[in-house]
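Let me begin by presenting the structure, written as structure tokens, before commenting on it.
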2 protein chains.
Amino acid sequence: MKSSPLNVAELKNINRHIILEKLRLCPLSRAELSVKTGLAKSSVTTLTNQMIDEGLLFEVGLAEKSNKAGRTRMLLGINGDFGYVIGINLHRTKISISATNIVGKILFEEIKPTSEFKNTSAAFDYIKGQISHQIKNAGLDRKKLLGIGVSAPGPLDCEKGIILTPPNFKLFNNFKIADELKAVFDCPVFLENEAVTLALYEHYCVEEQTNNTLFVTVSNGIGGALIKNGEVYRGSHGISGELGHITVDPNGEKCACGNRGCLEQYATLDALKRRFGFVGYEEMINGAIAGEEKPLLAMEFLIKTLGAALVCAVNLFDLDKIIISGEFDYKADWLTARLLEYIKSHSVICSMHSVEVLPSGQRGFTAHLAATLPALNGFFKKSLNFDFK
Amino acid sequence: MKSSPLNVAELKNINRHIILEKLRLCPLSRAELSVKTGLAKSSVTTLTNQMIDEGLLFEVGLAEKSNKAGRTRMLLGINGDFGYVIGINLHRTKISISATNIVGKILFEEIKPTSEFKNTSAAFDYIKGQISHQIKNAGLDRKKLLGIGVSAPGPLDCEKGIILTPPNFKLFNNFKIADELKAVFDCPVFLENEAVTLALYEHYCVEEQTNNTLFVTVSNGIGGALIKNGEVYRGSHGISGELGHITVDPNGEKCACGNRGCLEQYATLDALKRRFGFVGYEEMINGAIAGEEKPLLAMEFLIKTLGAALVCAVNLFDLDKIIISGEFDYKADWLTARLLEYIKSHSVICSMHSVEVLPSGQRGFTAHLAATLPALNGFFKKSLNFDFK
DNA sequence: TATAAATAGTTTTAAGCGTGAACTAATTAC
DNA sequence: GTAATTAGTTCACGCTTAAAACTATTTATA
């Protein structure tokens, strides 16, 4: 109801963030910033010098001489030491805690199996204790903690920061994790599902200019995260992207969700194992690539079911990029090429423009580090959400 | 690539629009505007007085006395005479042209069958001529034309304002209607599909606070428009919401889109007629309400197929409201109640929060008038799209 | 009827913003 | 060594919003 109008202070804040966003990827000179942001040279000088004084930026050094006439550019970069963010990845089998500074340098990481904790308070005590301990251990300034990101299995209430009632994950049932962490560490807390954090990774570190990307993670369930022009699309309640419950076969088995023949019953590794009797995905995909009959059958089944759901998503969201992550992200080119083929021949959208299907290809980058990204994103986007209504 | 940073002029513009947006629904006093917008009283005075000078606002009159101490509020309202917008609805069978002023008062409307035009230029000449003629006829000032909205059957390139290649609609094949109209009338032109314009109607004139609403129109095809917090969700290419091609039966008939068993083959009036041999929808729905066996069977078929697609949309978009418009918007309560029931028992989302299914209930308000809304929306939202990147 | 209290709206003043023009700084081409 | 070119700074200016003191108008109360 109440709006957030703009005053001059917020105006400045917004322009500062526009500069920050430009510098996130690589150092730039003041002159380049002026061109790229549209701000006057003098304004860039004022703002950047203030940010340097505050320790948020620093003068990286003179750019290489360019054979062009004129003074050499002084490159400005984001000062990683300005602050750091923490990522907590709550997984069904393990809890991980990690930290990176604002330019993504890893400061610490630690993983522990969930089996070690007998109840919520034990697990949460561990989290609190470990964060404090690691901050001290790494010699970090408590005041420079800019935010905590938490990724957890859905369903979540991202806005309120509550882990609702995830199946097979009783450890944090109905847990107000954002409030709890805020109370202890006095910093912004961002709760997201794992697909969203991985999608943010793709946006932050891999992609240049994505338009409308669906990030699909396949594990126990099948999650989807939609990123539109760098923004996470959220439904009414921050849930959205429940890809796993697209109907693949209206006459299929009953699913816990109330529907029949949901994608999750067909296109997960477990489902394929059950149906086709494989042990691991490597066996399946290698066999399929080699052209063996049985593995090919299984993969065709996967392509047909997952493909059908993706066609539905492409038609509804008008996607131009789909990124596959999770269980099937191994020798994934074979799968993605065939999924693309399926989508191309089954979607109306594809008659109008092209769609890409890509493997996430970030096996070096673990999901637990991605948990830091919502906090990083929060820092970089901070105070940009002024409201029109 | 290039950003649009904020300067003080744009800042003012934004705050002016925040005020305008508040006044769109009902007159308010300066004091109330101050509270609702968050702007200081003095700022509201400055801005509103300027807008009054420009003729955009006017003093409606003193509010009714309220038994409270203090000076009586002077209500401010939007001055309808400030300007007007034109809406052109290009339908397969008819072309309509209409105009309303900025507070929605109808200034003129005219409908003509498409059969009267033998080619594109004849039809477009008619449109140009009629607009000019009607503007003159109604005694309107050409300079006060604030924008033209065009609704047309998809596929469209809304951004570039091009009608692409709609099936069964050869009259405007690959027609750059926005450019053509801009050249003649020198004002902003907004091209949208009909579902979007109707959804905007729902947002502008009916709803108070919608969050995530899917607007479904059923006619020859089945279109969907998603409105999130008053913004139309657009996919990568302004298409999105291709609800009609959600797969309902993977083993169904081949569809022109390349897929099998698309919703459009089941849940349109034509499809139901083919399958169940009815003449009109009235017959079907009245029979179903009366409990007759055959009509009930047909309606159950409709509920199951349309319901399945809606479940898919609910799961993906995390909707909280679905509005049904078009062919089935007659005695629609019966249908919407049953669709809701179906969705509730088949969607994961519904286990977390409630979803509404409503008939659009705007049969008084014709689609051709809705064509004005993109232009109106453009006027009210103007210059609010500053870019972070 | 007078007065206090409350609310609406205006005026004045101040602090802060981005900008453009004029400036200095540093480099290359000739 | 000089001119041309690019990078970056300084400063006056016009603009913004906001806070405080102000006027205007109403109700409650005595």
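By convention in this document, chain letters (A, B, ...) are assigned in the order of the sequence lines, proteins followed by strands, and residues within each chain are numbered from 1.
For the pair B:Leu11 CG and C:dG18 P, the computed distance is 10 Å after rounding to whole Å. One interatomic measurement links the two molecules: CZ of A:Arg30 to P of C:dA26, which rounds to 13 Å at whole-angstrom precision. Atoms CG (B:Leu75) and P (C:dA8) sit 11 Å apart, rounded to a whole Å. Separating the CD1 atom of A:Ile18 from the C1' atom of C:dC17 is a distance of 14 Å, rounded to the nearest angstrom. We find that CZ of B:Arg71 is positioned 10 Å from P of C:dA8, with the value rounded to whole Å. For the pair A:Lys12 NZ and C:dA15 P, the computed distance is 15 Å after rounding to whole Å. Here the C1' atom of nucleotide C:dA25 and the NZ atom of A:Lys68 are 17 Å apart, to the nearest Å. In this entry the distance linking CG of A:Asn13 with P of C:dG18 reads 10 Å, nearest Å.
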Donor-acceptor contacts, no H, no angles, side chain residues 66-76 of chain B, under 3.5 Å, sequence neighbours left out:
from, atom 1, to, atom 2, distance (Å)
B:Arg73, NE, B:Glu32, OE2, 3.3
B:Arg73, NH2, B:Glu32, OE2, 3.3

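Ring-plane geometry between A:Phe317 and B:Phe317 is classed as perpendicular, the angle between the planes exceeding 60 degrees on a 0 to 90 degree scale with a lower cut at 30.
The minimum heavy-atom distance linking A:Ile86 with A:Ala99 is given by the pair CG1-CB, 4.0 Å. What you find for B:Leu319 and B:Thr213 is that their closest heavy atoms are CD2-C, 4.4 Å. Across every non-hydrogen atom of B:Ile19 and B:Met51, the tightest pair is CG2-CE, 4.5 Å.
Of the residues in residues 39-48 of chain B, those placing a heavy atom less than 4.0 Å from an atom of DNA chain D are B:Leu39, B:Ala40, B:Ser42, B:Ser43, B:Leu47, in numerical order. Taking every heavy atom of residues 52-65 of chain A and every atom of DNA chain D, no pair lies under 4.0 Å.
A nucleotide of DNA chain D counts as in contact with chain B when one of its atoms lies under 4.0 Å from a heavy atom; the first and last such, 5' to 3', are D:dT16 to D:dA28.
Toward the 5′ end of DNA chain C lies the nearest nucleotide of A:Ala9, the other residue of the pair A:Ala9 and A:Ala69 mapping further downstream.
Within the structure, every pair that satisfies the salt bridge (Lys or Arg N to Asp or Glu O under 4.0 Å) test and touches residues 52-61 of chain A, not counting sequence neighbours, is listed here: A:Arg16-A:Glu54, A:Arg30-A:Glu59. Among residue pairs with one or both ends in residues 74-86 of chain B, none qualify as side chain to side chain donor-acceptor pair (under 3.5 Å); sequence neighbours excluded.
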Note, DNA chain D 5' to 3' with Watson-Crick or G-U pairs under 3.5 Å encoded as ( ), [ ], | and . gives ||||||||||||||||||||||||||||||
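Listed by chain and residue number, nothing satisfies the side-chain hydrogen bond (donor to acceptor under 3.5 Å, both in side chains) test with A:Glu180 (two or more places apart in sequence, or in another chain). A search for side-chain contact (heavy atoms from CB on, under 4.5 Å) contacts involving A:Ala9 returns A:Asn7, not counting sequence neighbours. B:Lys41 meets the side-chain hydrogen bond (donor to acceptor under 3.5 Å, both in side chains) test with no other residue; sequence neighbours excluded. Annotation: salt bridge (charged side-chain N to carboxylate O under 4.0 Å, His left out) contacts of B:Arg142 (sequence neighbours excluded): none. With sequence neighbours excluded, the residues satisfying side-chain contact (heavy atoms from CB on, under 4.5 Å) with A:Ala225 are A:Ala195, A:Val196, A:Ala199, A:Phe215.
By the 6.0 Å contact criterion, NZ on A:Lys176 is open, its count of non-hydrogen atoms from other residues, nucleotides or ligands being 12 or less. For B:Asp186, the CG atom is loosely surrounded, since the number of other residues' heavy atoms within 6.0 Å does not exceed 12.
Contact annotation: A:Thr72 reaches the phosphate of C:dT27 (side-chain N/O to OP1 or OP2, under 4.0 Å). Between A:Asn7 and C:dG16 there is no side-chain N or O to OP1 or OP2 distance below 4.0 Å.
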